[in-house]
Amino acid sequence: MTDDGRRRWPVVAAAGIGTLAALVAVVLVVNRPADTPEEAPPPVATGAVDQAALVVDDGDTVEASGQVLVTPGKPARFCAPAPVPAIGRPPGEKPTCAVGVDVTGVDPAKLTEASVVNGVTVGRAKLTGVWNAGTLRVTKQSAPANRAEPMLADEGVPCPAPQGGWKRDGGDPDRNTLHRYIYDQHPDRFRPMRVGWPEGFPTGATDGPQPPQVLVVEVVSGDAAAEDRQLRKLFDGNLCVIAAPGKPSIARQQQLRDQVSAGITPLMNDPANGVYTMSGDDLFTVEFVVLTPALYEKFRAIGLDLLHLEPWLRPTVER
């Protein structure tokens with residue numbers, strides 16, 4: 001969660017039936033003594049899985065959960081969880097999905113939550129099968145895996161409470177001057193601001209007393225203690241200033257966005273690639289149908305160190 005909404009920047013291609021689960025990184029924080037600016041923990045390694053192991057060649061066995069459309073006289077369609085336009089389907093129009101794959105060997109009678117819409121059987125399933133030239137030959141059909149619950153953004157405050165505790169009304173003072181100083185005047189010194197909740201995210205009635213909220217500011221360049229003093233002249237609400245050397249600043253994040261977008265956007269504009277969403281700040285998550293060798297090479301040209309690849313169809317055994 002950030003203060004101004006700049007942090008997440010999904011680039012979405014309108015596609016077929018499905019839903020997109022929000023992907024939000026959880027940031028680990030560590031408290032430090034009150035008399036010094038905080039130091040951010042070292043970044044967590046993101047390359048736990050070899051992304052090359054996700055490449056699918058013809059003849060490989062893959063699996064995924066998703067929606068299945070069975071239209072008489074046409075190949076069954078297995079739909080990727082791509083975002084869809086807000087405009088509804090006109091009455092009488094058959095359901096379709098543009099982002100997905102044709103499948104053979106599906107049993108419509110075994111689909112979960114099956115129904116018939118304008119002559120099309122619609123249901124959900126987990127399908128395992130053999131990938132070949134863009135088509136999935138089903139070898140196993142079962143109930144779909146449970147949808148993953150979206151993860152909450154980090155709500156922690158990596159600073160100890162000041163003497164007397166956090167102000168109960170400390171989240172609403174005017175932030176414009178602080179925002180201008182960080183985002184407009186010194187984007188090379190800071191990370192994007194975010195709001196933390198030292199007593200937990202509010203869950204009660206919105207018209208009742210609210211728990212205190214704290215603006216968390218990370219300093220990536222310069223003297224964090226000096227910046228702490230300066231920022232408190234600009235903002236008299238709850239403030240937590242920590243040092244985060246080595247992390248990309250607001251300015252660097254924008255450079256990375258521009259760099260990655262220049263490579264990913266053309267891929268998204270060509271439906272043959274099956275790329276349907278991209279989001280991120282420092283590392284950019286790309287969601288797509290399947291990681292073919294050709295698509296892997298395209299991602300490699302953009303820079304795999306900047307990308308977290310999330311294919312929908314995955315090998316059953318990572319090589």
Side-chain angles (χ1 to χ4, degrees), residues 10-23 49-71 74-85 95-106 111 122-142 144-145 147-148 260-261 263-280 284-302 304 307-319:
V11 181
V12 176
I17 297 174
T19 58
L20 177 64
L23 300 174
V49 175
D50 179 8
Q51 300 194 106
L54 299 172
V55 173
V56 174
D57 296 303
D58 284 355
D60 285 350
T61 300
V62 297
E63 63 184 10
S65 292
Q67 191 171 54
V68 179
L69 306 180
V70 182
T71 305
K74 295 183 178 181
R77 190 77 172 159
F78 193 25
C79 304
V84 297
T96 61
C97 69
V99 182
V101 296
D102 290 344
V103 294
T104 61
V106 167
L111 294 176
V122 180
R124 301 183 68 249
K126 178 180 180 180
L127 300 181
T128 303
V130 178
W131 173 264
N132 189 22
T135 299
L136 184 66
R137 177 174 58 83
V138 176
T139 57
K140 181 181 178 182
Q141 176 177 337
S142 57
R147 295 183 178 94
V260 173
S261 182
I264 295 295
T265 300
L267 299 184
M268 299 181 72
N269 289 338
D270 182 354
N273 294 308
V275 180
Y276 46 85
T277 68
M278 175 174 66
S279 63
F284 301 89
T285 297
V286 184
E287 297 180 271
F288 51 95
V289 173
V290 63
L291 187 59
T292 62
L295 185 57
Y296 180 77
E297 290 304 315
K298 294 175 182 178
F299 288 141
R300 194 153 72 101
I302 296 169
L304 291 174
L307 304 178
H308 174 66
L309 303 181
E310 283 288 345
W312 168 57
L313 287 171
R314 290 174 174 257
T316 55
V317 177
E318 294 180 351
R319 298 183 298 280

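In what follows, residues are counted from 1 in the order of the sequence shown.
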Below 4.5 Å, heavy atoms only, C-beta onward: do [X] and [Y] meet side chain to side chain?
{"X": "Asp57", "Y": "Pro293", "value": "yes"}
{"X": "Leu54", "Y": "Arg314", "value": "yes"}
{"X": "Thr285", "Y": "Met278", "value": "no"}
{"X": "Leu69", "Y": "Cys79", "value": "yes"}
{"X": "Pro311", "Y": "Val290", "value": "no"}
{"X": "Val68", "Y": "Val122", "value": "no"}
{"X": "Thr316", "Y": "Asp60", "value": "no"}
{"X": "Cys97", "Y": "Phe78", "value": "no"}

First locate atom CZ of Arg77, then atom CD of Gln67, and finally report the distance between them rounded to the nearest 0.5 Å.
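Answer rounded to 0.5 Å: 12.0 Å.
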
Atom CE of Met268 and atom OH of Tyr276: how far apart are they, to the nearest 0.5 Å?
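Reported to 0.5 Å precision, the distance equals 10.5 Å.
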
Where is the tightest heavy-atom contact between [X] and [Y], given as atom of each residue plus distance?
{"X": "Ser65", "Y": "Lys126", "result": "OG-CB, 3.5 Å"}
{"X": "Trp312", "Y": "Pro81", "result": "CD1-CD, 3.4 Å"}
{"X": "Arg124", "Y": "Ala145", "result": "NH2-O, 4.4 Å"}

Would you check, one step at a time, whether the test side chain to side chain contact (heavy atoms under 4.5 Å, CB included) holds for Val138 with Val106?
CA-CA 6 Å; Val138 176; Val106 167; 3.8 Å; yes

Quick one, Ile302 with Ile264, criterion side chain to side chain contact (heavy atoms under 4.5 Å, CB included). Give me CA distance, side-chain angles, the key distance, then yes/no.
CA-CA 8 Å; Ile302 296 169; Ile264 295 295; 3.5 Å; yes

So, the side chain of [X] versus the backbone of [Y]: is there a donor-acceptor pair under 3.5 Å, distance only?
{"X": "Thr292", "Y": "Leu295", "answer": "yes"}
{"X": "Gln51", "Y": "Leu307", "answer": "yes"}
{"X": "Asp270", "Y": "Leu267", "answer": "no"}

Identify, with sequence neighbours excluded, every residue that meets ring pair (Phe, Tyr, Trp, His ring centres under 6.0 Å) alongside Phe299.
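For Phe299 the ring pair (Phe, Tyr, Trp, His ring centres under 6.0 Å) partners, ignoring immediate neighbours, are Phe288.
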
Apply side-chain hydrogen bond (donor to acceptor under 3.5 Å, both in side chains) to Lys298 and list each qualifying residue two or more places apart in sequence or on a separate chain.
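Once residues adjacent in sequence are excluded, the partners of Lys298 under the side-chain hydrogen bond (donor to acceptor under 3.5 Å, both in side chains) criterion are Asn273.
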
With a 3.5 Å cut-off and sequence neighbours excluded, list the donor-acceptor pairs that the side chains of residues 127-136 form with protein atoms.
from	atom 1	to	atom 2	distance (Å)
Thr128	OG1	Glu63	OE1	3.4

